[in-house]
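Reading through the structure tokens given below for one structure.
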Amino acid sequence: MTVLQGEGVSGGVASGRLRFFRRNAQETPYRDAAGPEVELARYEAARDAAAAQLDKLYEDMKAALGEKKAFLFQVHRMMLEDQDFQDCITSAIREEGASAEEAIKRADAQFSQMFARMDDDYLRERAADVRDVSQRLLRILRGRQEASTGGEPCVVAAEDLTPSETAQLDRRVVLGFVTAKGAYNSHTAIFARTMGLPAVVGLGERLQAQREGELVFLDGTTGEVFINPDAATVARLEAERERQAALRCDLKALRDREAVAPDGRRVLVCANIGSIGDLQAVADAGADGIGLFRSEFLYLERDDYPTEEELYRAYRQVAEAMQGRTVVIRTLDIGADKQAAYFQLPPEENPAMGFRAIRICLARPDVFRTQLRALYRASAYGKIAIMFPMITSVSEVLGIKALCAQVRAELREEKTPFDEDVQLGIMVETPAAAVISDLLAREVDFFSIGTNDLTQFTLAVDRQNAPAQPYYDQRHEALLRLIRMTVESAHKAGIWVGVCGELAADPSMTGFFLDVGVDELSMAPHAICKIKAEILNG
């Protein structure tokens with residue numbers, strides 16, 4: 001028996017013969033460019049064919065999984081048509097004499113690396129979406145078909161899977177999958193969870209093709225993969241499969257229940273989302289609201305500033321979809337690692353602590369005012385709360401409140417409807433904000449503790465620096481004291497406080513959050529029922 005350890009990204013036990021994913025779009029020998037006009041025509045034809053494929057894929061996935069879950073393929077369509085992406089390809093063809101294939105590879109490398117360098121886990125994993133679109137174009141240019149797994153029930157193995165490949169896995173024969181690469185927040189992992197497909201990623205070089213056809217059991221919860229397991233291991237995993245199936249049934253029963261702790265106090269369990277496409281997952285999970293809507297994608301997915309009308313339509317759609325439940329929308333958290341070329345931000349040596357988030361918004365009030373107007377207008381159609389990131393001082397909050405007051409005055413004068421009672425809150429994600437939380441609490445309606453940045457700033461550990469990871473301790477006493485201090489300051493001032501970092505979804509931390517009096521926990525939708533169970537059990 002061989003045991004491999006990876007990262008479990010979609011729970012459940014699966015077993016079957018190992019089948020390696022067969023990509024028909026294998027590399028072909030290097031192709032010389034036939035001249036700019038020919039190569040441009042080849043690229044444009046491939047782009048049109050890819051658009052047609054994505055449209056069909058969207059319709060097929062919408063029928064199978066629902067419109068919101070199929071939204072990814074509309075995002076891929078937008079990437080395909082992104083002007084910066086297209087310009088990168090066409091300029092390589094026109095100005096450098098590249099073939100269509102080579103130009104696409106260059107654009108793929110440039111844009112996927114841009115996303116991969118981002119600090120935010122969710123945004124970093126969008127690099128896989130760029131690769132997905134690029135591979136589709138290359139496959140069309142090479143005249144290849146989609147990949148296949150064969151027709152017999154199996155556990156699929158691959159170096160990695162793109163979101164499109166994952167979404168198109170045939171559930172009649174694919175019982176689960178394992179990959180050498182991958183990450184928890186990738187769309188590949190998200191689709192696996194959506195499809196209820198057990199999956200383990202990050203197995204590395206030990207996942208080798210000569211294992212083809214061998215019996216494998218995988219546990220998508222623990223991240224363990226057993227190749228040719230012995231009888232005792234098989235018996236244990238079969239029992240675990242039955243236990244997990246029963247647990248899933250129990251958790252589903254919690255979907256519509258309120259999370260009330262044994263002492264009678266209700267804790268809201270909300271969802272973190274990054275795009276409108278996540279709304280169906282929020283509904284399926286039974287979330288009490290949206291505790292964090294990252295608004296960056298509305299800026300990062302384009303080559304120019306979004307208009308007020310474009311922002312307003314997106315915010316209104318989210319507000320209406322939540323049907324009166326609170327939607328906390330974080331204002332633009334861009335800069336440093338989250339770059340949009342049209343912002344023309346200078347490179348920085350220490351980007352996590354640089355010119356980013358609220359600092360950009362206050363320095364560019366025209367950009368900020370556009371977003372605030374859109375948010376207030378959308379508040380007429382649901383319960384929107386506005387949250388401001390990277391706060392370090394009371395003066396920043398006073399500047400924000402003054403600008404919000406100006407926007408409200410403008411809308412009143414225009415007779416544009418909006419909710420006069422929109423709550424304003426801040427992210428507590430810097431030690432400075434936590435230490436002066438008693439002062440900040442007097443100026444806002446709520447706090448949301450961002451444990452990811454608060455950890456790295458408190459411990460002086462870059463959470464993307466692999467050698468430093470042993471020092472990135474989210475249970476460090478200093479961090480726990482700052483969280484406790486923040487909650488006490490909030491409650492003393494009569495405001496509510498939530499947690500929206502990774503710790504909110506950690507069942508081992510739920511007891512601590514209950515003890516200190518956190519009012520709301522916000523997390524990825526798939527974790528909601530699990531945390532509800534922890535709260536109900538105290």
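Remember, predicted model here, so these are calculated numbers, not experimental data.
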Self-check item: side chain to side chain contact (heavy atoms under 4.5 Å, CB included) evaluation trace for Arg265 with Val267
Solution: CA-CA 7 Å; Arg265 185 167 60 90; Val267 179; 3.9 Å; yes
I'd like to know if [X] pairs up with [Y] as an ion pair, taking the criterion as any Lys NZ or Arg NE/NH1/NH2 lying under 4.0 Å from an Asp or Glu carboxylate oxygen.
X      : Y      : result
Lys181 : Glu7   : no
Glu410 : Arg369 : yes
Glu414 : Arg373 : yes

Practice problem: Could you give me the CA-CA distance, side-chain angles and deciding distance for Arg484 and Glu488, then say whether salt bridge (Lys or Arg N to Asp or Glu O under 4.0 Å) is met? | Solution: CA-CA 6 Å; Arg484 188 183 295 273; Glu488 289 174 353; 5.1 Å; no
Below 4.5 Å, heavy atoms only, C-beta onward: do [X] and [Y] meet side chain to side chain?
X      : Y      : result
Leu503 : Phe512 : no
Phe388 : Phe368 : yes
Thr188 : Phe177 : yes
Val201 : Val178 : no
Val444 : Ile495 : yes
Arg475 : Met509 : yes
Ile400 : Leu424 : no
Val499 : Glu520 : no

Can you see which heavy atom on [X] is nearest to which on [Y], and at what distance?
X      : Y      : answer
Gly498 : Val518 : CA-CG1, 4.2 Å
Tyr305 : Val367 : CE2-CG2, 3.8 Å
Val428 : Thr486 : CG1-OG1, 3.8 Å
Ala504 : Ser522 : CB-O, 3.3 Å
Met390 : Ala357 : CB-CB, 3.6 Å
Ser295 : Gln371 : OG-NE2, 3.1 Å

Atom pair [atom1]/[atom2] of [X] and [Y] - distance to nearest 0.5 Å:
X      : Y      : atom1 : atom2 : value
Leu197 : Leu175 : CG    : CG    : 8.0 Å
Lys530 : Met523 : NZ    : CE    : 9.0 Å
Ser112 : Arg131 : OG    : CZ    : 5.5 Å
Asp366 : Arg364 : CG    : CZ    : 8.5 Å
Ser393 : Leu440 : OG    : CG    : 8.0 Å
Thr510 : Leu521 : OG1   : CG    : 6.5 Å

Quiz prompt | Criterion side chain to side chain donor-acceptor pair (under 3.5 Å) on Asp284 and Gln280, from CA distance to verdict | solution = CA-CA 6 Å; Asp284 291 345; Gln280 187 61 49; 2.9 Å; yes
Practice problem: Determine, step by step, whether Lys383 and Asp421 satisfy the salt bridge (Lys or Arg N to Asp or Glu O under 4.0 Å) criterion, reporting the C-alpha distance in whole Å, the side-chain angles of both residues, the deciding distance to 0.1 Å, and the verdict. | Solution: CA-CA 9 Å; Lys383 193 174 180 181; Asp421 298 319; over 6 Å; no
Is there a donor-acceptor contact under 3.5 Å from the side chain of [X] to the main chain of [Y]?
X      : Y      : value
Asp219 : Val13  : no
Asp519 : Val497 : yes
Thr179 : Gly182 : no
Ser10  : Gly220 : no
Asn537 : Ala533 : yes
Thr455 : Gln474 : no
Arg325 : Met322 : yes
Lys532 : Arg257 : yes
Tyr472 : Leu459 : no

Exercise. Answer yes if the side chains of Arg330 and Ser448 hold a donor-acceptor pair under 3.5 Å, and no otherwise.
Key: no
Exercise. Check the side chains of Thr307 and Glu309 for a donor-acceptor pair under 3.5 angstrom, ignoring hydrogens and angles.
Key: no
Quiz item: Does Arg377 count as lying over the ring of Tyr312, i.e. NZ or CZ under 6.0 Å from the six-ring centre, within 45 degrees of the axis?
Solution: yes
Practice problem: Begin from the C-alpha positions of Ile290 and Val318 and carry the test side chain to side chain contact (heavy atoms under 4.5 Å, CB included) through to its verdict. | Solution: CA-CA 9 Å; Ile290 294 174; Val318 175; 3.8 Å; yes
Quiz item: Within a reach of under 6.0 Å around CZ of Arg481, are more than 12 heavy atoms found that belong to other residues, nucleotides or ligands?
Solution: no
Quiz item: Would Met427 and Ile391 count as a side chain to side chain contact (heavy atoms under 4.5 Å, CB included) if you check the C-alpha gap in whole Å, the side-chain angles of each, and the deciding distance to 0.1 Å?
Solution: CA-CA 7 Å; Met427 293 277 289; Ile391 298 297; 6.0 Å; no
Exercise. Would you sort out whether Thr416 and Tyr376 count as a side chain to side chain contact (heavy atoms under 4.5 Å, CB included), showing the intermediate values?
Key: CA-CA 10 Å; Thr416 300; Tyr376 273 108; over 6 Å; no
Quiz prompt | Ring geometry between Phe446 and Trp496 (parallel below 30°, tilted from 30 to 60°, perpendicular above 60°) | solution = parallel
Practice problem: Identify which one of Thr331, Ile329, Asp445 satisfies the side chain to side chain contact (heavy atoms under 4.5 Å, CB included) criterion when paired with Ile386. | Solution: Thr331
